[in-house]
Amino acid sequence: MIQKSRKTKETDISIELEIYGTGKHDIDTGIGFFDHMLSSFAKHSLFDLKIKANGDLNVDFHHTVEDVGILLGECLKDSIYPLNGVERFGDSIITMDEAAISVAIDLCNRFYLVYESIDSGKVGDFDIELVCEFFRSFSLNASINLHIVKLRGSNSHHIIEASFKAVGVALRRALVKNSRVEIPSTKGVL
């Protein structure tokens, strides 16, 4: 289990992460929709995840969402590197009603994000542009290559929720233990 905290003038966040868990989660960021998305992520990744975040929500949700992404990414990075004995690559296509999202992940210890999905509007009081912001902060700080592509969909809630679920499933698949793999790179190091 990895435990980390991050305190700035804008946020105060603590996270506990167990990547080989059962999907148990206790999440309180003060942002209901974001909590729901992170719960979906934990459930489908089978990560045990505890997040407590206090942020300047009176300003907007940006700092809290970004900083949770930063800290969760750091927790994941500390949990997986140096990478050894796992599949390394994972993908998924997750549907939610009319929405379908494709995700591909490479646990390569290098950051890259492709985000081809909705990036404006609102779900309730949650700014949709923050979804990309979260995944950018998360993948950058986890040092992973993450591709999220909307295949179809019209309901913003469904598209976003399918994205969080798809990232969780792809991570779970990339982290499947395989003793035959050893270091999953021809370079001999990741």
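Quick note: residue numbers are just sequence positions, from 1.
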Tabulate below the donor-acceptor pairs under 3.5 Å that side-chain atoms of residues 91-99 make, not counting sequence neighbours, or state none.
residue, atom, partner, partner atom, Å
Ser92, OG, Ala166, O, 2.7
Asp97, OD2, His158, NE2, 3.4
Glu98, OE1, His158, ND1, 2.8
Glu98, OE2, Ser154, N, 3.1
Glu98, OE2, Asn155, N, 2.7

Under 3.5 Å: donor-acceptor pair, side chain of [X], backbone of [Y]:
{"X": "Ser45", "Y": "Ala42", "value": "yes"}
{"X": "Asp12", "Y": "Lys7", "value": "no"}
{"X": "Glu16", "Y": "Gln3", "value": "no"}
{"X": "Asp67", "Y": "Thr11", "value": "no"}
{"X": "Tyr112", "Y": "Ser139", "value": "no"}
{"X": "His147", "Y": "Asn145", "value": "no"}
{"X": "Asp127", "Y": "Glu129", "value": "no"}
{"X": "Asp28", "Y": "Gly30", "value": "yes"}

Requested in this report: Sequence neighbours left out, what passes side-chain hydrogen bond (donor to acceptor under 3.5 Å, both in side chains) with Thr29? Give chain and number order.
Outcome: Asp35
**Report entry** Side-chain heavy-atom pair Ile105, Leu171 within 4.5 angstrom cut-off
**Finding:** yes
Report task. Inspect the contact between Arg136 and Glu133 and indicate whether a charged nitrogen and a carboxylate oxygen are less than 4.0 angstrom apart. Result -> yes
Query raised in the report: So, Phe47 versus Tyr20, ring centres under 6.0 angstrom or not?
Result: no
Query raised in the report: For the residue pair Phe134 and Tyr115, is the inter-centroid distance of their aromatic rings smaller than 6.0 Å?
Result: no
Query raised in the report: Distance from Ile160 atom CD1 to Ser40 atom OG, nearest 0.5 Å?
Result: 11.5 Å
Report task. Answer yes or no: does atom NZ of Lys50 have more than 12 heavy-atom neighbours from other residues, nucleotides or ligands under 6.0 Å? Result -> no
Report task. List for me each residue that meets ring-ring contact (aromatic ring centres under 6.0 Å, His included) alongside His157, sequence neighbours excluded, and say none if there are none. Result -> Phe33, His36
